[in-house]
2 protein chains.
Amino acid sequence: MTHSNTVGSAIYQKIKDDIIYGKLQPSTKLKLDKLSNSYSVSMSTLRECLNRLSSEGFVSAEEQRGFFVTSISLNDFEEITSLRILLECHALKLSLKNGDTEWEGNLVGAYHKLHTKETEMQNGDVSTKKSLIRYDWGFHQSLILACNSANLISLHSLLYYKFLRYQMLLTSSRGSDAVNEHKKIFDSALERDFPKAEKELKNHVKMGLNFISKGYKFN
Amino acid sequence: MTHSNTVGSAIYQKIKDDIIYGKLQPSTKLKLDKLSNSYSVSMSTLRECLNRLSSEGFVSAEEQRGFFVTSISLNDFEEITSLRILLECHALKLSLKNGDTEWEGNLVGAYHKLHTKETEMQNGDVSTKKSLIRYDWGFHQSLILACNSANLISLHSLLYYKFLRYQMLLTSSRGSDAVNEHKKIFDSALERDFPKAEKELKNHVKMGLNFISKGYKFN
DNA sequence: CAGTGTATTAAAATATAATATATTTTAAGC
DNA sequence: GCTTAAAATATATTATATTTTAATACACTG
């Protein structure tokens, strides 16, 4: 049994997470020797990791000036949202057309997990916010998993996580509104009603944008 | 004036080009010390570059097994094409809505360059195929440049070049068909007729797919 | 004998550290 | 505010150690 994660991929995940969850804040200068120390990796491994993240857009590389956590702006957030909607709806359309029993069953499972966690949260159990996010991701990916395009799934994942970084700017979340939206998306997906599912999905993501852009003061 | 390209970004461009233009063929194992020699860069710089390219999808990294030029398949080509159409049409719609005189003028310029080169090529001057490609890129990007989304432009660029790699599998090109299609796209774009422009653009890209998938034998 | 599994060895990827150089940033002085 | 000197930092190479994979030889088994 070889669970030999390389140092490189471990540190990549760690830093990516720290950016998404705000431990490394937007526009922060990522000083190489400082990070090399705090993450306990060598400079070369760290640079490999930062280069990967800069290709994805979580880190911005400025030649001869080093690396920075990619800055945020309302404008960028709107772009990310718009692209997420474009890709997620397109993939949803394909998924509703192609999805077989296997896909449908996995979707039902993913929704059940999400809904269960959401109920826990509404009862005041805040300890599991990070797992709620995992289940939210699981649900949204399950929706499109039958789209039959690895490239599309991969691009969607990128945009979901860029969106998530903005979401994490606020500690509060939307509560019961999001729960209802999820249910509507789920129901219309099972009915293979694409127009309705698309409408509800668009609305859901846009409401997320609205909530955050009202609650967070971009400068 | 600072044109001080770093070794890293220079080698990145070189290797990316070599992949797109087929000098480094699909599925080739990218042995580190061999590449380090042939491109005359150190291993660390090379690894940084390969990590960037693997994030973008031109290179595939397999943990502990090294790097490979990303493999090709008809299925992948169809996915890429479909995504390119989705993004390029979406961006075109925004661009036709927002484009001002500045944008329109640049588009006219880009089309003129492309058309001039196309005419040269039809007269038998094959020496400038690579510059024709640059002008084709220039035209297609100009079309969408007023879409007002840096994220969209960047994603579109990625997909254009992934598409281009497939295009480069054949030495021959489509000749006068493509020339006519470009004209139709250009004309309808200037008239701000989105439905027509979209139709012509979709057709243009799909014809590219057809031409290549008929001429190249995927295994 | 063919095929299969298992050591052994060779090759290659991964990771760190040490070093040199070039560029940017900071600080000091005019 | 401008120029220059010093410090900090990024970039790049090289050398080395470790780990993993790939290749080879060798025995075992049906």
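Note on naming: letters A, B, ... go to the chains in the order of the sequence lines (proteins, then strands), and numbering restarts at 1 for each one.
Listed by first then second residue, pairs satisfying salt bridge (Lys or Arg N to Asp or Glu O under 4.0 Å) with a partner in residues 43-55 of chain B read A:R47-B:E48, A:E48-B:R47, not counting sequence neighbours. Within the structure, the ring pair (Phe, Tyr, Trp, His ring centres under 6.0 Å) test picks out the following pairs touching residues 79-112 of chain A (sequence neighbours left out): A:Y111-A:H115, A:Y111-A:F139, A:Y111-A:F186. Identified under the salt bridge (Lys or Arg N to Asp or Glu O under 4.0 Å) test for residues 102-119 of chain B, with sequence neighbours left out: B:E104-B:R192, B:K117-B:E120. Within the structure, the ring pair (Phe, Tyr, Trp, His ring centres under 6.0 Å) test picks out the following pairs touching residues 42-88 of chain B (sequence neighbours left out): B:F77-B:F163, B:F77-B:Y166.
We find that CG of B:N5 is positioned 17 Å from P of C:dA22, with the value rounded to whole Å. Rounded to an integer number of Å, the gap from A:F67 CZ to C:dT23 C1' is 15 Å.
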Got a list of side-chain donor-acceptor pairs under 3.5 Å for residues 207-217 of chain A, not counting sequence neighbours?
from: A:S213; atom 1: OG; to: A:L209; atom 2: O; distance (Å): 3.0
from: A:S213; atom 1: OG; to: A:N210; atom 2: O; distance (Å): 3.2

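Under the side-chain hydrogen bond (donor to acceptor under 3.5 Å, both in side chains) criterion, B:Y135 pairs with no residue, sequence neighbours left out. For the side chain to side chain contact (heavy atoms under 4.5 Å, CB included) test, residues two or more places apart in sequence or in another chain that qualify with A:K206 are A:I85. A search for side-chain hydrogen bond (donor to acceptor under 3.5 Å, both in side chains) contacts involving A:R65 returns A:E62, not counting sequence neighbours. Under the salt bridge (Lys or Arg N to Asp or Glu O under 4.0 Å) criterion, B:R174 pairs with B:E181, not counting sequence neighbours.
Using a 30° and 60° split on the angle between ring planes, B:W137 and B:Y160 fall in the tilted class, from 30° to 60°.
Within a heavy-atom distance below 4.0 Å of DNA chain D, the residues of residues 7-18 of chain B found are B:V7, B:G8. Listed by residue number, the members of residues 34-50 of chain A with any heavy atom below 4.0 angstrom from DNA chain D are A:M43, A:R47.
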Show me the protein contacts with nucleotides 5-9 of chain D, counting only N or O atoms at under 3.5 Å.
from: D:dT9; atom 1: OP1; to: A:K31; atom 2: NZ; distance (Å): 3.1

